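Just so you know, these numbers come straight off a predicted model, no measurement behind them.
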Amino acid sequence: MAAAEAIAGEYDYIIVGAGSAGCLLANRLSADAGNRVLILEAGGRDNWIWFHIPVGYLFAIGNPRSDWCFKTEPEEGLNGRSLGYPRGKVIGGSSAINAMIYMRGQAADYDHWRQLGLVGWGWDDVLPYFKRHENHFLGESDAHATGGELRIEAPRVHWDLLDAFRRAAEQADIKSVVDFNTGDNEGCCAFHVNQKRGRRWSSATAFLKPALRRANLRLETGCLVEGVVFDGRRAVGVRWRQNGQARTARCRGEVVLAAGSIGSAQIMLLSGVGPARHLNEHGIAVVADRPGVGANLQDHLQLRLIYKVDGIATLNERYHAPFGLALMLAEYALFRRGPLTMAPSQLGLFTRSGPDQERANLQFHIQPLSVDRFGEPLHKFPAFTASVANLQPTSRGYVRLRSRVPSDAPVIKPNYLSTDEDRRIAVSAIRLTRRIVAQPALAAFHPQEYLPGADARDDDEQALVKAAGDIGTTIFHPVGTAKMGLPSDPLMVVDDHLRVAGVDRLRVIDASVMPTITSGNTNAPTMMIAEKGAALIRADAKGWAA
């Protein structure tokens with residue numbers, strides 16, 4: 001085999017993955033002109049219009065140009081179905097194809113991390129890192145900041161249907177609120193979105209592109225990383241394949257994996273960091289036996305209830321109308337408003353599945369549209385979707401190698417609905433959705449349940465469990481496969497400074513380090529982890545230099 005071509009010189013930091021976390025890390029670590037930083041991205045540049053027009057997620061998800069197009073293994077809890085598992089394949093990562101929803105989760109999520117013994121990860125500790133990169137339309141407050149790179153705005157499209165659903169929620173005793181991001185997100189509110197004047201504001205747009213003007217930051221795209229290079233147990237570089245050529249780069253400082261909960265786990269396993277038995281099965285030399293690598297996979301399973309309506313506008317019929325798309329394009333081009341600015345969901349709702357819950361454990365995404373699955377055409381009949389997810393699932397899955405070939409997609413097994421608790425909450429979620437939709441505020445539009453349908457009766461728990469398995473799908477929030485924890489935790493992968501245990505100069509800084517999933521969309525928490533991770537790297541570097 002030909003020797004790998006080396007990039008000249010050594011780097012202080014090599015970042016693997018230019019996604020939500022990696023772009024922010026590249027910005028912060030290259031801010032010191034004395035640091036030489038290399039960032040590697042397997043995807044390409046975001047030079048496609050649908051990366052920037054918000055509704056482009058309809059075209060990006062499921063498209064191999066922009067999405068890894070992973071699939072899960074068949075899921076017993078989903079009645080044997082295998083799900084598409086979108087992950088962004090472009091600079092900006094999943095922030096270039098996601099729902100653009102800015103959601104921190106709940107203060108209790110982070111206080112729980114602190115209670116697990118993770119120093120510096122409580123709500124009061126992490127709030128300053130959320131605010132550090134914010135430019136929030138609500139202005140300066142105890143909760144929000146302005147002046148940062150990440151723009152957060154209100155939606156730029158209005159649907160009467162969503163107003164009616166919000167009134168129905170109030171009639172079902174779910175209060176309206178102004179902001180989900182103050183630490184307690186219980187209530188109903190319009191989602192705040194990562195957009196700027198009607199354009200998607202991805203991590204690449206916010207953090208990476210401005211930093212690429214710096215001479216000390218180098219971006220390489222189309223790089224399929226094959227592994228971390230170790231000298232003994234110390235990470236000293238990265239090897240990858242680019243345009244058919246094997247390449248390497250040396251690192252005198254730290255290698256940082258920011259490839260996400262699927263990618264970072266796969267790269268560690270390919271590098272010999274993971275469960276020794278699994279590595280031996282694939283003939284990979286063990287550098288560090290870490291059973292937690294790829295374990296502890298958590299995700300939010302959304303149950304997508306769809307209701308046909310009449311007498312009120314939805315995106316379905318507007319899109320399929322004569323000249324419908326042309327008219328929407330004109331509205332967008334002239335005013336940067338209208339359906340093309342839409343996040344997949346505009347209205348959110350957080351509530352409890354029952355009186356036994358101490359805090360909100362359900363999240364609704366209300367959408368004035370319906371599809372069989374994202375990436376497929378909108379239905380031709382007017383309808384809305386009320387997706388509901390269990391925010392604190394107890395089911396745990398895993399990511400494993402399918403083979404030692406880096407281009408082979410890994411085994412992804414979320415194990416949805418594998419616990420009695422998750423099945424019980426799924427049943428409660430369907431019943432609650434029906435109770436909201438049955439309120440007077442929606443009665444004039446004659447909502448008719450299309451999915452799961454009348455055969456799944458409220459008084460038949462077994463039928464509701466099956467219905468949850470039939471309509472459940474990922475809401476694209478995989479976390480936890482490189483769990484942050486204490487040395488006493490057998491599944492711990494990184495410490496509270498995000499350093500991989502058992503090796504030197506290797507960190508993981510992305511959603512995979514979450515010990516438990518946050519109560520809401522995971523993109524904002526991932527950027528917070530990157531912000532805090534960059535600060536930890538800088539602080540530790542000063543300690544090494546002292």
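Taking the six-membered ring where the residue is Trp, Trp123 and Phe130 present tilted rings, their angle falling between 30° and 60°. Using bins of under 30°, 30° to 60° and over 60° for the plane-to-plane angle, the ring pair Trp50/Phe59 lands in the tilted bin. Between Trp48 and Phe51, the ring planes are perpendicular. Angles over 60° get that label, and only those under 30° would be called parallel.
For the residue pair Asn181 and His144, the shortest heavy atom distance occurs at CB-CE1, 3.9 Å.
Between Val225 and Val238 the shortest side-chain heavy-atom distance falls below 4.5 Å. Counting heavy atoms from C-beta outward, Ile15 and Val37 have side chains that approach closer than 4.5 Å.
Using modelled atom types and a 3.5 Å distance limit, the side chains of His379 and Asp372 yield a donor-acceptor pair. With 3.5 Å as the limit, one finds a donor-acceptor pair spanning the side chains of Thr474 and Asp299.
When the ring-ring contact (aromatic ring centres under 6.0 Å, His included) test is applied to Trp159, no partner is found at least two apart in sequence or on another chain.
Few gaps surround CG on Leu334; more than 12 heavy atoms of other groups in view lie less than 6.0 Å from it.
Between Arg505 atom CZ and Phe230 atom CZ the span is 13.0 Å, to the nearest 0.5 Å.
Taking the six-membered ring for Trp and the full ring otherwise, Phe137 and His192 have centroids separated by under 6.0 Å.
Taking the ring axis of Tyr332 as reference, the NZ or CZ atom of Arg336 stays within 45° of it and closer than 6.0 Å to the ring centre.
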